[in-house]
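Notes follow once the structure below has been shown.
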Amino acid sequence: MTDILRIFRLLLLIVINYLLLSFNLWKWAPDLFLIQSLLAIVILKEPPGIYYFVLKGFLIDLFFSDLSIPYTLTFFIIGLFLKFSKINWIQKSLVEQVTLVLLVSYLLNLFLSTINTYSIENEIRFLVNPFINAFVWILIFFNQRKKWLKNI
């Protein structure tokens, strides 16, 4: 049942992302796929395997990319980090989490700007999106920190 819900949520995010692209709001929006993945990581007791992240990235690239590289590689890196991380991700400090969000966002936007045709005119996303992603993650962290930290 959870796999069906994951696929449904992914398809819903694909539709929302397509609408953001259509209305030219994509460059100002947080990366919904990244934020949704991070939320899933902290909500679930055990993070999904690397294969889930690779499949998710591939499906996103299938809908939004000229080549299957940007999201697939980015989500593969996220999956590797979570798989080989010794400490549960919600127990890491806010600085480490925000640093990871910034680096992954910069890497993803670098891939998107070099590979996809729709992001050539959206150089502003390369500058703005990582900070929007980090700001959203800080809000989520401060909102959920009591629940997360009481489990330690």
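Only this structure's heavy atoms are used, side chains among them; waters, hydrogens and symmetry mates stay out. Numbers for residues simply follow the sequence, beginning at 1.
Note: Ile78 CD1 to Leu100 CG = 7.0 Å, rounded to the nearest 0.5 Å. With rounding to the nearest 0.5 angstrom, the CG atom of Leu107 is 12.5 Å from the CG atom of Leu102. Going from atom CG of Asp61 over to atom CG of Leu73 covers 9.5 Å, rounded to the nearest 0.5 Å. Put simply, CD1 on Ile14 and CG on Leu21 are 12.0 Å apart, with the number rounded to the nearest 0.5 Å. Atom-to-atom distance recorded for Leu108:CG and Leu103:CG is 12.5 Å, nearest 0.5 angstrom. Atom CG of residue Asn143 and atom CD1 of residue Ile138 lie 13.5 Å apart, to the nearest 0.5 angstrom.
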Evaluate side-chain contact (heavy atoms from CB on, under 4.5 Å) for Ile140 paired with Trp137, printing each intermediate quantity in order.
CA-CA 5 Å; Ile140 292 168; Trp137 188 249; 4.0 Å; yes
Between Leu32 and Leu20, is the side-chain contact (heavy atoms from CB on, under 4.5 Å) condition met? List the steps.
CA-CA 10 Å; Leu32 301 175; Leu20 290 172; 3.9 Å; yes
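When the side chains of ILVMFWY residues are joined at heavy-atom separations under 4.5 Å, either directly or via intervening members, Tyr51 and Ile69 end up in two distinct hydrophobic clusters. One hydrophobic cluster holds both Leu13 and Leu25 under the rule that ILVMFWY side chains link at heavy-atom gaps under 4.5 Å. Cluster membership check: Ile16 shares its hydrophobic cluster with Phe63, using side-chain heavy-atom separations under 4.5 Å among Ile, Leu, Val, Met, Phe, Trp and Tyr.
Legend: residues meeting side chain to side chain contact (heavy atoms under 4.5 Å, CB included) with Ile60, ordered by chain and number and at least two apart, are Leu10, Phe33, Lys56, Phe64, Tyr71, Phe75.
When the shell of 6.0 Å around OH of Tyr106 is examined, it contains more than 12 heavy atoms from other residues, nucleotides or ligands. Atom OH of Tyr52 has more than 12 heavy atoms from other residues, nucleotides or ligands within 6.0 Å.
Looking only at side-chain heavy atoms (C-beta outward), Val136 and Val101 stay at 4.5 Å or farther from each other.
Between Gly79 and Phe53, the closest heavy-atom pair is CA-CD1, 3.6 Å.
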Identify every side-chain donor-acceptor pair in residues 126-133 under 3.5 Å, counting partners at least two apart or on other chains, and give the distances.
{"from": "Asn129", "atom 1": "OD1", "to": "Asn109", "atom 2": "ND2", "distance (Å)": "3.1"}
{"from": "Asn129", "atom 1": "OD1", "to": "Asn133", "atom 2": "ND2", "distance (Å)": "3.0"}
{"from": "Asn129", "atom 1": "ND2", "to": "Ala29", "atom 2": "O", "distance (Å)": "2.8"}
{"from": "Asn133", "atom 1": "OD1", "to": "Asp31", "atom 2": "N", "distance (Å)": "2.7"}
{"from": "Asn133", "atom 1": "ND2", "to": "Ser105", "atom 2": "OG", "distance (Å)": "2.8"}

